[in-house]
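Working notes, beginning with the structure itself.
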Amino acid sequence: MSQNIEQLARANVRALTPYQSARRLGGNGDVWLNANEFPLPVPFELSQQTLNRYPECQPKIVIERYAAYAGLQPEQVLVSRGADEAIELIMRAFCEPGQDAILFCPPTYGMYSVSAETIGIEYRTVPALADWQLNLPAIADQLEGVKVVYLCSPNNPTGNLINQDDIRELLAMTAGKALVVADEAYIEFCPQATLTSWLKDYPNLVILRTLSKAFALAGLRCGFALANKPVIDLLMKVIAPYPLATPVADVAGQALSEQGIALMREHVAQLNENRSWLLAELAQIACVEQVFTSETNYVLARFTDSPKVFKTLWDQGIILRDQNKNPGLSGCLRISIGTHEECGRVIAALQALSVEQA
């Protein structure tokens, strides 16, 4: 007798459209510019051999070094399996399924909605304004029953910073009612814009960070939640017993050493230089309608025929990220900043396509 296993699953999971990560989308390229990764490997090697023992829940050296790096106290830092786990931990700690809601402002990172759907929490969206800033009056109208507001600054996939005066107003608006979670996954590319110094003034502020981007450790899956101690204590109640594998903590500790941080800053300078070059070159391409400024390791551009551009480059082994399904991003592709050679291949391919279309 056949059994329909799918019917045993929760209804919300059966209906869920999973987050389409870069690797799930596939491709056979040799120029991977679709996942906002650093284009070259970093030279860390494993030094810990105690794999027969369970790791610390919150590895002391990782917590202490990240706290020092962020200018905070160790009690204000929680380390997790990427920032994605922290996104979900916050919902699990603060939101009652079927009762509370979260809110975010598309176009933005897709895991906020996927995590909410998975847990069974309502999510509300307030589309960003035309300049991708917060629509504060519309947010205020939607806050009843909202426990967590997620904002991404710099925002993925648009690359812009959120106006800090608006963030202050949002924090005041939600004081005592909801958390404001500032996702700073790309903050190393514009460190002056971090909100870490605000934690002393805003008990409802949480900041998310990662080693995946500027630290060039996307394969490590190591992220952080930064908040005041009462929030961290609650997150510690719902985190897994051993969230960080020993090799992960080992490499993360090395990356957060003085030498590791210096290496990261060298990488950021290289990528920022490549980004400036790519922005200038894209602006001169005939099939490019608009290039948006960016404070990150990627660039968003609108094309006259984005499906053709995407497929043409895909066929040449240059893999970009299609943003057409995101609100307000019709015709847009996101291009991660690679090496200068990889950026040059993108420009050469677009120039050839523009000549062909002329």
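For the pairing with Glu184, the side chain to side chain donor-acceptor pair (under 3.5 Å) check across Thr196, Thr194, Thr210 returns one residue only, Thr194. Applying ring pair (Phe, Tyr, Trp, His ring centres under 6.0 Å) to Tyr298 and the options Tyr186, Phe292, Phe189 leaves one that passes, Tyr186. When each of Asn34, Asn36, Asn297, Thr296 is tested with Ser336 by the rule side chain to side chain donor-acceptor pair (under 3.5 Å), just one qualifies, namely Asn36.
Taking the six-membered ring for Trp and thresholds of 30 and 60 degrees, Tyr112 and Tyr150 have nearly parallel ring planes, at less than 30 degrees apart. Taking the six-membered ring for Trp and thresholds of 30 and 60 degrees, Tyr66 and Tyr69 have ring planes more than 60 degrees apart, a perpendicular arrangement.
Geometrically, Arg209 does not engage Phe224 in a cation-pi contact defined by less than 6.0 Å to the ring centre and at most 45° from the axis.
A donor-acceptor distance shorter than 3.5 angstrom exists from the side chain of Thr339 to the backbone of Glu342, with no hydrogens or angles considered. Checking side-chain atoms of Arg345 against main-chain N and O of Gln316 turns up a donor-acceptor pair under 3.5 Å. Under a 3.5 Å cut-off, the side chain of Asp100 and the backbone N or O of Val146 do not form any donor-acceptor pair. A donor-acceptor pair is defined here as one N or O able to donate and one able to accept, closer than 3.5 Å; such a pair exists between the side chain of Asn160 and the backbone of Trp132. With Gln58 contributing its side chain and Val79 its backbone, the two residues share a donor-acceptor pair below 3.5 Å. Panel note: side chain Thr312, backbone Val309; no donor-acceptor pair is recorded below 3.5 Å. Glu117 places no side-chain N or O within donor-acceptor distance of the main-chain N or O of Val114, the cut-off being under 3.5 Å. No side-chain donor-acceptor contact under 3.5 Å links Asn155 to the backbone of Thr108. Ser257 places a side-chain N or O within donor-acceptor distance of the main-chain N or O of Gly260, the cut-off being under 3.5 Å. Using modelled atom types, no side-chain atom of Asn326 and backbone atom of Leu329 make a donor-acceptor pair closer than 3.5 Å.
Salt bridge annotation for Glu56-Lys60: absent, with no cationic side-chain nitrogen under 4.0 angstrom from a carboxylate oxygen. The residues Arg334 and Asp322 are annotated as not salt-bridged, no charged nitrogen and carboxylate oxygen being separated by less than 4.0 angstrom. Taking a cutoff of 4.0 Å between a charged side-chain nitrogen and a carboxylate oxygen, Glu85 and Arg92 do not qualify as a salt bridge.
In terms of heavy atoms, Pro43 sits closest to Leu263 at CD-CD2, 3.8 Å. Nearest heavy-atom pair across Arg10 and Ile119 is NH2-O, 3.2 Å. Between Leu205 and Ala227 the shortest heavy-atom distance is O-CB, 4.0 Å.
In this structure, Lys200 places its NZ atom where more than 12 heavy-atom neighbours from other residues, nucleotides or ligands lie under 6.0 Å away. Enclosure of atom CD in Gln192 by more than 12 non-hydrogen atoms of other residues, nucleotides or ligands within 6.0 angstrom is indicated.
Under the 4.5 Å side-chain heavy-atom criterion for Ile, Leu, Val, Met, Phe, Trp and Tyr, Val251 and Leu40 are members of the same hydrophobic cluster. In the hydrophobic clustering of ILVMFWY residues, with side-chain heavy atoms under 4.5 Å counting as a link, Leu300 and Ile335 come out apart. Neither Leu195 nor Leu161 shares a network with the other; the hydrophobic side chains, linked directly or stepwise wherever heavy atoms of I, L, V, M, F, W or Y lie under 4.5 Å apart, form separate groups for each.
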Requested in this report: Please assess Cys57 against Met236 for the test side-chain contact (heavy atoms from CB on, under 4.5 Å), listing each intermediate value before the final yes or no.
Outcome: CA-CA 9 Å; Cys57 177; Met236 282 294 294; 4.0 Å; yes

Query raised in the report: Would Ile187 and Ile207 satisfy side-chain contact (heavy atoms from CB on, under 4.5 Å), going step by step from the backbone distance to the final call?
Result: CA-CA 11 Å; Ile187 202 65; Ile207 297 166; over 6 Å; no

Report task. Test Cys95 against Ile102 for side-chain contact (heavy atoms from CB on, under 4.5 Å), laying out the working first. Result -> CA-CA 8 Å; Cys95 298; Ile102 68 161; 4.0 Å; yes

Report task. Start with the C-alpha distance between Lys237 and Asp233, add both sets of side-chain angles, then the distance that settles salt bridge (Lys or Arg N to Asp or Glu O under 4.0 Å), and finish with yes or no. Result -> CA-CA 7 Å; Lys237 288 188 173 186; Asp233 288 346; over 6 Å; no

Report task. Apply side-chain contact (heavy atoms from CB on, under 4.5 Å) to Leu333 and Arg321, showing your working. Result -> CA-CA 6 Å; Leu333 302 176; Arg321 183 77 164 185; over 6 Å; no

Report task. List the steps and the verdict of salt bridge (Lys or Arg N to Asp or Glu O under 4.0 Å) for Arg124 and Asp141. Result -> CA-CA 11 Å; Arg124 300 176 192 169; Asp141 288 343; over 6 Å; no

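Side-chain atoms of Arg14 and Glu6, non-hydrogen and from C-beta on, do get closer than 4.5 Å to each other. Between Leu51 and Pro247 there is a side-chain heavy-atom pair separated by less than 4.5 Å. Contact annotation: the side chain of Leu313 approaches that of Leu350 to within less than 4.5 Å [non-hydrogen atoms, C-beta and beyond]. For the pair Val149/Leu170, a side-chain contact is recorded, criterion being any heavy-atom separation below 4.5 Å from C-beta on. Residues Tyr202 and Asn228 are not in side-chain contact: their nearest non-hydrogen atoms beyond the backbone lie 4.5 Å or more apart. At a threshold of 4.5 Å between non-hydrogen side-chain atoms, the residues Lys147 and Ile121 do not count as touching. By the 4.5 Å heavy-atom criterion applied to side chains, Val148 and Leu103 are not counted as neighbours. For the pair Leu179 and Phe94, the minimum side-chain heavy-atom distance is below 4.5 Å.
Note: Phe104 and Tyr109 fail the aromatic proximity criterion, with ring centroids not under 6.0 Å apart.
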